[in-house]
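As the structure lists them, so they are numbered: ligands from 1, and atoms in each ligand from 1.
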Amino acid sequence: MELIKIVLAGPRGKMGSEALKMIESTPHFHLAAAIDSRNGGKKIKDLPGLPPLDAVIYEDLDICLDEVQADVLIDLTKPEIGKKHLEIALERKVRPVIGTTGFSEDDLKRLSQLADERETGAIIAPNFAIGAILMMKFSQMAAKYLPHVEIIEKHHDQKLDSPSGTALKTAQLINEVREAVKQGHPQETEDIAGARGAELDGMRIHSVRLPGLVAHQEVIFGGEGQTLTIKHDSMNRSSFMPGIRLAVENVMKIDQLVYGLENIIQ
Ligand SMILES: NC(=O)c1ccc[n+]([C@@H]2O[C@H](COP(=O)([O-])OP(=O)(O)OC[C@H]3O[C@@H](n4cnc5c(N)ncnc54)[C@H](O)[C@@H]3O)[C@@H](O)[C@H]2O)c1
Ligand SMILES: O=C(O)C1=N[C@H](C(=O)O)CCC1
């Protein structure tokens, strides 16, 4: 298999540090450089707790890509940085694999257009856990028969964005197949703002943030005399790594932007 040269943004983060281990243990992956908000000029192996990798750390992706040859950028940072990095990478025909969440529909449209213009593959995946992809696919199947649905997503309390990227993606997939329904009582009131959660395409999304959680989602369907709950739990960040590996391998074979790993795992 051909060696894939990777730049990783966010190496000290919860996801980034796990991704370093995944890159190190994958024979056909090579960490060419890393992007951090500090530690420019140091090497990954100089930072406490990170694997003994020789890759140099840059604080600016543009400068990094001037100096380092790369095939793929993996971004695991924060919403505004992920968007900026994605654009820089596409401009330079380096293929982005973006795990960072917080992208709006407008962002996705604009970035998809840019990927087309640059004829460069890109993958944005709100959730890399294979079980979460299945949870979303099963939810889409169920919504055809049980259109009344609410989403409860639960994450650790260091998460910046809400609702989660996974909840937004789940709602999008459900919305593609379910008939239009008005949920809840027509005269229901919200006596404390937010009590019924966020509303998207007629669905309610509830976001829970607590220490001790990692990433969890329940999609609850209600029908006459019955409910169906489809639930996924990520217990740790290694649950996302096979999906990131798959995305890096697949982004090398495409020349447009793909949003969601369900489009790769058919
Ligand atoms: N797609 C998925 O499956 C998945 C899974 C988990 C987390 N996420 C998303 O990934 C992102 C990171 O999550 P996390 O839990 O690792 O967060 P984290 O806060 O632990 O890590 C983010 C890292 O980004 C770094 N960073 C900030 N600004 C930067 C910059 N300008 N350049 C380089 N690095 C910079 C921070 O220093 C930090 O180390 C979040 O958006 C989260 O929602 C996605
Ligand atoms: O830890 C996070 O932040 C996660 N975010 C993703 C999302 O927003 O859907 C899912 C995985 C964990």
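In this structure the side chain of Q172 never reaches within 4.5 angstrom of the side chain of L200, judged on heavy atoms.
Applying the 4.0 Å criterion to heavy atoms of A125 picks out, from ligand 1, the atoms 1 (N). Near G165, meaning under 4.0 Å from one of its heavy atoms, ligand 2 places the atoms 7 (C), 8 (O), 9 (O). Counting atoms of ligand 2 from 1 in the listed order, those under 4.0 Å from a heavy atom of A215 are 11 (C), 12 (C). Proximity to T101 (heavy-atom distance under 4.0 Å) selects the following atoms of ligand 2: 6 (C), 7 (C), 8 (O). Of all the atoms in ligand 1, the ones that sit under 4.0 Å from a non-hydrogen atom of L76 are 12 (C), 22 (C), 23 (C), 24 (O). Less than 4.0 angstrom separates some heavy atom of D36 from each of these atoms of ligand 1: 32 (N), 33 (C), 34 (N). Using a 4.0 Å cut-off to heavy atoms of S164, the atoms of ligand 2 that qualify are 7 (C), 8 (O), 9 (O). Listed by atom number, the atoms of ligand 1 under 4.0 Å from K159 heavy atoms are 43 (O).
Salt bridge status for R110 with E87: present, with a side-chain N to carboxylate O gap under 4.0 Å. In summary, R209 and E153 engage in a salt bridge, as defined by a charged side-chain N under 4.0 Å from a carboxylate O. Under the 4.0 Å criterion applied to side-chain N and carboxylate O atoms, R196 and E188 are assigned as salt-bridge partners. Classification of R95 and D71 as a salt-bridged pair fails, no side-chain N sitting under 4.0 Å from a carboxylate O. Under a 4.0 Å N-O distance rule, the pair K84/D75 does not qualify as a salt bridge. Between R178 and D201 no salt bridge is recorded (no basic side-chain N to carboxylate O distance below 4.0 Å). A salt bridge is defined here as a Lys NZ or Arg NE, NH1 or NH2 lying under 4.0 Å from an Asp or Glu carboxylate O, and D161 with K159 meets this definition. K109 has no carboxylate O lying under 4.0 Å from a charged side-chain N of D107, or vice versa, which leaves the two without a salt bridge.
Scanning all protein heavy atoms for the shortest distance to atom 12 (C) of ligand 1 gives T77 O, 3.2 Å. Nearest protein neighbour of atom 33 (C) of ligand 1, counting heavy atoms only, is I35 O, 3.3 Å. Looking at atom 41 (O) of ligand 1, its nearest protein heavy atom turns out to be T101 N, 3.2 Å. Shortest contact from atom 18 (P) of ligand 1 to any protein heavy atom: K14 NZ, 3.8 Å. Looking only at protein heavy atoms, the nearest one to atom 5 (N) of ligand 2 is K159 NZ, 3.1 Å. The protein atom (non-hydrogen) at minimum distance from atom 3 (O) of ligand 1 is F128 N, 2.8 Å. In terms of protein heavy atoms, atom 44 (C) of ligand 1 is closest to G99 O, 2.9 Å. Nearest protein neighbour of atom 7 (C) of ligand 1, counting heavy atoms only, is M15 CG, 3.5 Å. For atom 30 (C) of ligand 1, the nearest non-hydrogen atom of the protein is I81 CG2, 3.7 Å. Closest protein heavy atom to atom 6 (C) of ligand 2: P126 O, 3.4 Å.
At a heavy-atom cutoff of 4.0 Å, ligand 1 is contacted by no atom of A215, backbone or side chain. Of all the heavy atoms of P126, the ones lying under 4.0 Å from any atom of ligand 1 belong exclusively to the backbone. Counting heavy atoms under 4.0 Å from ligand 2, residue H155 touches it through the side chain alone. At a heavy-atom cutoff of 4.0 Å, ligand 2 is contacted by both the backbone and the side chain of T166. Here S37 has heavy atoms under 4.0 Å from ligand 1 in both its backbone and its side chain. Residue-level proximity to ligand 2 for K169 is absent, since no heavy atom of it falls below 4.0 angstrom. If you look at Q158 next to ligand 1, there are no close heavy atoms at all, none under 4.0 Å.
Judged purely by atom type and a 3.5 angstrom limit, E190 has no side-chain atom pairing as donor or acceptor with the backbone of A193.
A171 and I205 get closest at one heavy-atom pair: CB-CD1, 4.4 Å. The minimum heavy-atom distance between K83 and F103, with the atom names listed, is CG-CE2, 3.5 Å.
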Just do the side-chain hydrogen bond (donor to acceptor under 3.5 Å, both in side chains) check on R245 and T26 with the steps written out, would you? CA-CA 8 Å; R245 187 183 289 121; T26 305; 3.1 Å; yes

Salt bridge (Lys or Arg N to Asp or Glu O under 4.0 Å) between E18 and K21, worked out: CA-CA 5 Å; E18 198 63 43; K21 290 189 244 164; 3.3 Å; yes

When you look at E218 and K154, which way does the salt bridge (Lys or Arg N to Asp or Glu O under 4.0 Å) test go after all the steps? CA-CA 9 Å; E218 285 173 42; K154 304 179 208 169; 3.1 Å; yes

Report the C-alpha separation of H85 and I35 in whole Å, then their side-chain angles, then the decisive distance to 0.1 Å, and conclude whether the side-chain contact (heavy atoms from CB on, under 4.5 Å) test is met. CA-CA 10 Å; H85 282 168; I35 310 294; 4.0 Å; yes

Given the rule in the salt bridge (Lys or Arg N to Asp or Glu O under 4.0 Å) test, do R92 and D62 qualify, once you have shown the distances and angles that lead to the verdict? CA-CA 9 Å; R92 289 167 170 270; D62 260 315; 3.1 Å; yes

Evaluation steps, side-chain contact (heavy atoms from CB on, under 4.5 Å), between L228 and L146: CA-CA 9 Å; L228 169 68; L146 294 166; 4.1 Å; yes

Before giving the answer on side-chain contact (heavy atoms from CB on, under 4.5 Å), spell out for S234 and H216 the whole-Å C-alpha distance, their side-chain angles and the decisive distance to 0.1 Å. CA-CA 6 Å; S234 268; H216 317 260; over 6 Å; no

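For ligand 1, none of its N or O atoms has an N or O atom of A9 under 3.5 Å away. Annotation: R237 places no N or O atom under 3.5 Å from an N or O atom of ligand 1; distance criterion only. Of the N or O atoms in G13, one or more lie within a sub-3.5 Å distance of an N or O in ligand 1. Annotation: F240 places no N or O atom under 3.5 Å from an N or O atom of ligand 1; distance criterion only. The distance criterion of under 3.5 Å between nitrogen or oxygen atoms is not met by F240 with respect to ligand 2. Taking distance alone, with nitrogen or oxygen atoms compared against 3.5 Å, H156 approaches ligand 2 more closely than that limit.
Using a 4.0 Å heavy-atom cutoff, M15 is absent from the residues neighbouring ligand 2.
Distance remark: protein heavy atom not present below 4.0 angstrom from atom 36 (C) of ligand 1.
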